[in-house]
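Just so you know, these numbers use all the heavy atoms, side chains as well, and skip hydrogens, waters and symmetry mates. In this text the structure is predicted, and so the values were computed from the model without any measurement. Both ligands and their constituent atoms are indexed starting at 1 by order of listing.
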Amino acid sequence: MNRSEALATSPEFYKRYIEQVPDGDVLELLETQLAGMHVFFLGWPEDQWDYRYAEGKWSVKQVLGHITDAERIFGYRILRIARKDSTELPGYDENDFVAAANFDSRTGMDLLEEFDLCRRANQVLLRSLDAGAMARLGNANGFLTSVGAVAWSLVGHAEHHVRVLGERYRK
Ligand code: NI
């Protein structure tokens, strides 16, 4: 599914993420982004993983943990919708998830490994889907969406957070 098709089947909230990503093959974009995130996080200074740019903001570790939470939630949505499941899939509160996680007690490399594994699992799943499955529509968090739109949202959402890390967290 290309970018304009993803935008046409995406809830309004995720369009701003998808719009940050240049058009292309979403499977290639997922792979290129993963490689880029490896470089980005492997180069992150050891003593700056706990940094937050303002009181109450997430730390770098929490941002990466949040990206992985989204990877799992979105992957689950992709699976159910691709399998023709019309169940209304629930939303989730990202702030509650981060608050209940122990991201700050883990190492950056541990968090990066978990992201890597979850991303690769989603890539294998998405590669297995034909065009019909990618175009399939379902309901997540009260909104109509397609498998492809969720896949594009994976790229756009991670892109957004990595950009903010680069702009606001890098000292
Ligand atoms: Ni987010």
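The nearest N/O/S atom of H66 to the Ni ion (ligand 1) is NE2. Within H157, NE2 is the N, O or S atom that lies nearest to the Ni ion (ligand 1).
Taking 2.8 Å as the criterion, H161 counts as a coordinating residue of the Ni ion (ligand 1), since one of its N, O or S atoms falls below it.
Note that the OG1 atom of T32 and the CG atom of D25 stand 9.0 Å from one another [nearest 0.5 Å]. Here the CG atom belonging to N139 is positioned 7.0 Å from the CG atom belonging to L144, to the nearest 0.5 angstrom.
Both F97 and Y17 sit in one connected hydrophobic cluster of ILVMFWY residues. Membership requires side-chain heavy atoms under 4.5 Å apart, directly or through other members.
In summary, the side chains of Y76 and R80 do present a donor paired with an acceptor at a separation below 3.5 Å, with no hydrogens or angles considered.
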